[in-house]
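Report on the following structure.
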Amino acid sequence: MIYREAGQYKTSYVDDQAIFPILQDKAVVLAAVAAAYLLVPAFASDYMYKAILIPTVILALAAIGLNVLMGYCGQVSLGSGAFMAIGAYAAYNLAIRLDFLNPFVCVLLSGFAAAAVGVAFGIPSLRIKGFYLACATLAAQFFFDWAFLRVKWFTNYTPSGSVNAPPLQAFGLDLSSPTAKYLVALTFTVALALAAKNLVRGHIGRQWMAIRDMDIAAEIIGIRPMFAKLSAFAVSSFLIGVAGALWAFVHLGSWEPLTFNIDRSFQLMFMIIIGGLGSILGSFLGAAFVVVLPIFLNQALPPLGALVGWTISTATVSHIEFMVFGALIVFFLIVEPHGLARLWSIAKEKLRLWPFPH
Amino acid sequence: MGFFIEVLTGGLLAGVLYSLVALGFVLIFKASGVFNFAQGAMVLTAALALVRSLEVMQGKWGWPFGVALVAAFAFAGAVMAVVAWGVERLVLRKLVNQEGIILFMATIGVTFFIEGLAQTVFGSDVYPLHIGLPKEPMFILEAVFDGGVLVNQLDVWAGVIAGLLVAALAVFFQRTRVGRALRAVADDHAAAQSVGIPLNQIWFIVWLVAGLVALVAGVVWGSKLGVQFSLSLVALKALPVVILGGLTSVPGAIIGGLIIGAGEKLAEVYVGPSMGGGIEIWFAYVLALAFLLVRPQGLFGEKIIERV
């Protein structure tokens, strides 16, 4: 009976409206955040930061953004890569054109640019839905892939098309060490994740979920589909845009348009399906899983193949990676539509009863 | 004028190729309500199976070209049958009664799985495919226009093949027992099942037919581009075609393909240069999107009626 909610009386509205009203939840979240801030920097190596931790933290933020749209509001989007690109290029343009701005202000402002574009591409969702909408978001993906490659203004007329982010400095501190980058990304992600968590449990989130579950019924009970859908597009694109700007400024430093192509969109989609549709926690789990699995396969497959006398080339590893992800998607959709996040809720149910079996 | 007609014919003929892939989407959506994102992966798989088995049969075993070609087609067809069976058995059957959008995401999973598997088994280089389709460009109407109109023979053949395929599918749907059963399932799953039409079998047949259409599309596209990974991206070009034409309409796939093909070539040639070029990539999507805003069900699609 570790996870016991009985007896936790809420005696004030503040208690009742807390993000994590149950003590154990609050403790787990605080412990996780504290560990991420204090424990991880004590143990992580530079390789860990660059290959796993920073990508996971930033992609988790993007996954939260996509989850708001797909998991909470039920609008399928295959264009999230494009919104990451918009964030990245908006931040870049802000940084070079308004060079007095702090890079972090650029990152935040780029979220608003992405949100504006997201609303524009969300307008079709008022007329169409389902796979039609998925194709409409593909339009965004292809259009911006093209725009950032061909419209030279966005890349400030660099001849190669690849651009460099400004050095990461703020408040007189040099933040270019892996640890500092990680902490920066983590701060953005934790703050925005809490904001998203707060949003989805409030009246806006409930509207999204009503639209997701049955949009016509939601409309009949007085939810404005236009407001709900467009706000979901705006919030989702904001989060994805900020993640894109962080990906460019904090993780990559310099990037080319191909960084944010359709593969990125699929990657984000895999994260939320594997992690759990409609779950903030799931976005983190999915991001970690999707980042770590290819690294694991790359390390594990060649020795495994050597055991049975089969040389596995890097090309084959990447094909096997495709297969594993494809199979996982189908598996999760069939067996566990709530993804990895469901494991945590199962654990909570077990802990409620533990040590008794029933 | 001659140049305009040249661009237009080129576009229309390219559009026929898109229609070939789009047909696969329409078939599966018509008969099972699944939007099959894996169609492009199926095109790739079919073409890879064909070209690799042809290579082995002709090169290693020394079979004469004609025999090897027939055998390779049979092999690729068998591979598509296995894919159809696998998808029906392992994916569709488990997800029956789920929302369309879940099935759509499942087919994205299927796409990745098939792409990975096909490339692991058959290799991932560029394989040239020669099955005797003429490739030399030719000039027509030289008497009418100065210099004539340049037409790619392969594209003309693709047009002929697409026409034959549509005719065959029309006969199959209208005249055969199975075709009638397919249309019944498309109308109403539950009603069809209650009069004794075996749903699982029908789904298998539909995916098989879509697989064979993918094989034809793969052969034609493969002869043009060589068999390689980018074949599966052809499906992304066919998506706006089906949206424009309507998801449930075979003629829609053809006419949508023609409109998209002609539209994007004309746009590329006449509008593209002023915008930096390469607008082909997104023009089809924006065209389809603009059309959707006016008519959400597409040109020939059935009107979507929803009830609570």
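Quick note on labels: first sequence line is chain A, next is B, and so on, each numbered from 1.
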Relative to chain B, which segment of [X] carries a heavy atom at a distance below 4.5 Å: side chain, backbone, both, or neither?
| X | result |
| --- | --- |
| A:L328 | neither |
| A:L126 | neither |
| A:A134 | side chain |
| A:I334 | both |
| A:F270 | side chain |
| A:F266 | side chain |

*At their closest point, which heavy atom of B:S124 faces which heavy atom of A:H319, and how far apart are they?*
OG-CE1, 3.2 Å
_For A:C135 against B:F35, the heavy-atom pair lying closest together_ = SG-CZ, 4.5 Å
When rounded to the nearest 0.5 angstrom, what distance separates [atom1] in [X] from [atom2] in [Y]?
| X | Y | atom1 | atom2 | result |
| --- | --- | --- | --- | --- |
| A:F142 | B:L239 | CZ | CG | 8.5 Å |
| B:Q119 | A:T316 | CD | OG1 | 10.0 Å |
| A:L138 | B:Y285 | CG | OH | 4.5 Å |
| A:L78 | B:M105 | CG | CE | 10.0 Å |
| A:E321 | B:T120 | CD | OG1 | 11.0 Å |

*asked:* Do B:F112 and A:I329 have side chains that approach each other closer than 4.5 Å (heavy atoms only, starting at C-beta)?
replied: no
Quick check on [X] against chain A: is it the side chain, the backbone, both or neither that has a heavy atom closer than 4.5 Å?
| X | value |
| --- | --- |
| B:V121 | neither |
| B:R93 | neither |
| B:L289 | side chain |
| B:F37 | side chain |

*So which residues of residues 79-91 of chain B are in contact with chain A at a heavy-atom cut-off of under 4.5 Å?*
B:L90, B:V91
*Under 4.5 Å, heavy atom to heavy atom, which residues of residues 241-262 of chain B contact chain A?*
B:I243, B:L247
_Greatest number of heavy atom pairs closer than 4.5 Å to chain A - which of B:T111, B:I108, B:L103_ = B:I108
*Highest number of heavy-atom pairs under 4.5 Å with chain A: which of B:T107, B:I279, B:I114, B:I102?*
B:I279
*Flag the pair A:F143 / B:W282 as yes when their ring centroid distance falls below 6.0 Å, and as no otherwise.*
yes
*What do you reckon, are the aromatic ring centroids of B:F113 and A:F325 less than 6.0 Å apart?*
no
*B:Y270, OH atom: more than 12 neighbouring heavy atoms under 6.0 Å*: yes
*Heavy-atom pairs under 4.5 Å with chain B are the metric here; pick the option from A:S318, A:G74, A:P124 that has the most.*
A:P124
*Could you have a look at A:F332, A:F322, A:F331 and say which one has the most heavy-atom pairs with chain B under 4.5 angstrom?*
A:F322
*asked:* Main chain of B:L292, side chain of A:R127: is a donor-acceptor contact present, judged purely on distance under 3.5 Å?
replied: no
*Kindly state each residue pair satisfying salt bridge (charged side-chain N to carboxylate O under 4.0 Å, His left out) with at least one member in residues 249-278 of chain B, sequence neighbours excluded.*
B:K237-B:E264, B:K265-B:E280
*For residues 259-279 of chain A, which residue pairs qualify under salt bridge (charged side-chain N to carboxylate O under 4.0 Å, His left out), counting only residues two or more places apart or in two chains?*
none
